[in-house]
Amino acid sequence: MTEPGTPAPDFSLAADDGSTVRLSELRGQNVILFFYPKDDTPGCTLEAKEFRDAYPRFQAIDTVVLGISPDGVDSHRKFKTKFGLPYPLLADQERSAAEAYGVWKEKSMYGRKFMGVERSTFVIDKAGTIAHVFRKVKPEGHADEVGEVVSMLD
């Protein structure tokens with residue numbers, strides 16, 4: 001279960017810079033995990049750019065921002081460079097984090113069913129507990145919405 005008040009599932013994923021990010025190593029800081037379907041697509045780009053623009057606000061309140069999708073490190077690196085994203089993008093090619101957080105779902109587009117990431121964001125507090133969950137996120141205005149929640153954490 002990935003609901004508010006439950007421990008955030010730990011993960012270890014490759015970042016766009018070649019490093020490995022482990023959620024458990026970020027204890028003591030608030031963490032925003034935003035799961036998105038695919039690099040350099042319209043909705044994902046809008047969401048990523050909004051988190052980019054809000055990033056100084058998150059840094060000021062000791063909050064780590066992490067974007068996660070099934071794309072690989074090379075794709076993430078290109079996406080990050082193209083849009084000047086200041087936070088790590090994590091490659092979840094095995095979908096282990098997406099499955100642990102319950103965002104790997106059956107989706108439907110143009111009558112075709114397929115498995116993919118349901119755009120979702122998890123706010124994790126300094127103790128490693130899920131503080132808030134946003135599911136089926138609409139990208140526009142989402143970073144501000146997340147910022148309001150994070151600013152209430154202490």
Enter the distance from [X]:[atom1] to [Y]:[atom2] here, rounded to the nearest 0.5 Å.
| X | Y | atom1 | atom2 | answer |
| --- | --- | --- | --- | --- |
| Arg27 | Lys126 | CZ | NZ | 14.0 Å |
| Thr63 | Leu153 | OG1 | CG | 7.5 Å |
| Glu94 | Leu13 | CD | CG | 10.0 Å |
| Ile124 | His132 | CD1 | NE2 | 13.0 Å |
| Phe35 | Phe122 | CZ | CZ | 6.0 Å |
| Lys49 | Lys82 | NZ | NZ | 9.5 Å |

Residues Arg135, Thr2; criterion side-chain contact (heavy atoms from CB on, under 4.5 Å); working and verdict
CA-CA 11 Å; Arg135 297 203 185 270; Thr2 50; 3.1 Å; yes
Measure the shortest side-chain to side-chain distance between [X] and [Y] over non-hydrogen atoms and say whether it is less than 4.5 angstrom.
| X | Y | value |
| --- | --- | --- |
| Thr121 | Ile32 | yes |
| Ser120 | Val133 | no |
| His76 | Leu85 | no |
| Pro139 | Arg119 | yes |
| Asp39 | Ser69 | yes |
| Thr45 | Asp40 | yes |
| Lys107 | Pro37 | yes |
| Val137 | Glu145 | no |

For Gln29, look at atom CD and say whether over 12 heavy atoms of other residues, nucleotides or ligands are found less than 6.0 Å away.
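It does: Gln29 CD has more than 12 such atoms within range.
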Looking at the rings of Tyr87 and Phe34, which for Trp means the six-membered one, are their centres under 6.0 Å apart?
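Yes: the rings meet the under 6.0 Å criterion.
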Which residues pass the ring-ring contact (aromatic ring centres under 6.0 Å, His included) test with Phe83, not counting sequence neighbours?
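Applying ring-ring contact (aromatic ring centres under 6.0 Å, His included) to Phe83 gives Phe79.
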Examine [X] and [Y] and state if one hydrophobic cluster contains both, with Ile, Leu, Val, Met, Phe, Trp and Tyr joined whenever side-chain heavy atoms are less than 4.5 Å apart.
| X | Y | answer |
| --- | --- | --- |
| Val123 | Leu66 | no |
| Leu46 | Phe51 | no |
| Val64 | Val21 | yes |
| Val31 | Ile130 | yes |
| Val65 | Phe134 | yes |

If you look at every heavy atom in Ala14 and Val73, which pair is closest and at what distance?
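Nearest heavy atoms, Ala14 then Val73: CB-CG2, 3.8 Å.
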If we ignore hydrogens and angles and just use 3.5 Å, is the side chain of [X] paired with the main-chain N or O of [Y] as donor and acceptor?
| X | Y | answer |
| --- | --- | --- |
| Asp92 | Ile68 | no |
| Glu50 | His142 | yes |
| Thr81 | Lys78 | no |
| Lys38 | Pro70 | no |
| Asp125 | Ala131 | no |

Excluding sequence neighbours, so at least two apart, what forms side-chain hydrogen bond (donor to acceptor under 3.5 Å, both in side chains) with Ser108?
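Not a single residue meets the side-chain hydrogen bond (donor to acceptor under 3.5 Å, both in side chains) criterion with Ser108.
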